[in-house]
Amino acid sequence: MRKIAVYPGSFDPITNGHIDIIRRGLGITNKLIVLVSYNPDKSSLFSVEERMEMIQEVIGDDPRIKVDSFSGLLVDYAGKAGASIILRGLRAMSEFEYEFQLALINRRLDRDIETVFLMTGYKWFYTSSKIVKEAASFGGSVKGLVPDIVSRKLQEKYSNKR
Ligand code: ADP
């Protein structure tokens, strides 16, 4: 059976933690859509286009992965894309409550779509876009936490801001 999964997130920017989830997600699906979900009211460091470009560059040319963007109800997007799985990563317990609520509301909105959680790889337990941005904004090195191209883009972004 052909299983399509949507992996939604802000990806502002993509980190090695996200990449680990993408790589492992491919092991349980046939096709993965990495979906840059944006909220026009929420501020972000990188534009949606910049975020998508970075993801595409990092994953390269893989026919099993599509990069897309969306603003709206996730289950609407998933339904149209023929996806039956919403993929999410879990790190700390603090995330659990929010993820629980999100999974339940999405299930209420569309019972044919299941949320599947992958536990973070232990190396990426503390890696989040937020912490990476904080470190980079003060000139700290984030090498090893994000792909090199993302590290360069962060440097560029913050040196322009300084
Ligand atoms: P959101 O704004 O929706 O939280 P993120 O880009 O922060 O978007 O994360 C998207 C998904 O990837 C979420 O399910 C999040 O828990 C997961 N994720 C982020 N960082 C990691 C990590 N280091 N390890 C595992 N999962 C992660």
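Residue numbers count from 1 along this sequence. Atoms within each ligand, like the ligands themselves, are counted from 1 in listed order. Owing to the predicted nature of the structure, the values given are computational and were not obtained by experimental measurement.
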Check the pair Asp20, Lys123 against salt bridge (charged side-chain N to carboxylate O under 4.0 Å, His left out), reporting the backbone distance first and the verdict last. CA-CA 10 Å; Asp20 181 55; Lys123 281 200 217 157; over 6 Å; no

Report the C-alpha distance between Phe11 and Tyr7 in whole Å, list the side-chain angles of each, state the deciding distance to 0.1 Å, and finish with yes or no for ring pair (Phe, Tyr, Trp, His ring centres under 6.0 Å). CA-CA 10 Å; Phe11 302 104; Tyr7 178 35; 5.2 Å; yes

To the nearest 0.5 Å, what is the distance between CD1 on Ile21 and CD1 on Ile14?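 That separation rounds to 11.0 Å.
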
Sort out the contact shell of ligand 1: every protein residue with a heavy-atom distance below 4.0 Å, listed by chain and number.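 Correct list: Tyr7, Pro8, Gly9, Ser10, Phe11, Gly17, His18, Ile21, Arg88, Gly89, Arg91, Glu95, Glu99, Thr120, Trp124, Thr127.
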
Residue Lys133 excluded, over 12 heavy atoms near NZ under 6.0 Å: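 Counting neighbours around NZ of Lys133, more than 12 heavy atoms of other residues, nucleotides or ligands fall under 6.0 Å, so yes.
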
Ignoring hydrogens and angles, state whether a donor on the side chain of Asp12 or Tyr38 is under 3.5 Å from an acceptor on the partner side chain.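 No, no side-chain donor-acceptor pair sits under 3.5 Å.
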
Counterpart residues, salt bridge (charged side-chain N to carboxylate O under 4.0 Å, His left out), relative to Glu95 (two or more places apart):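 Here the qualifying residues are Arg91.
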
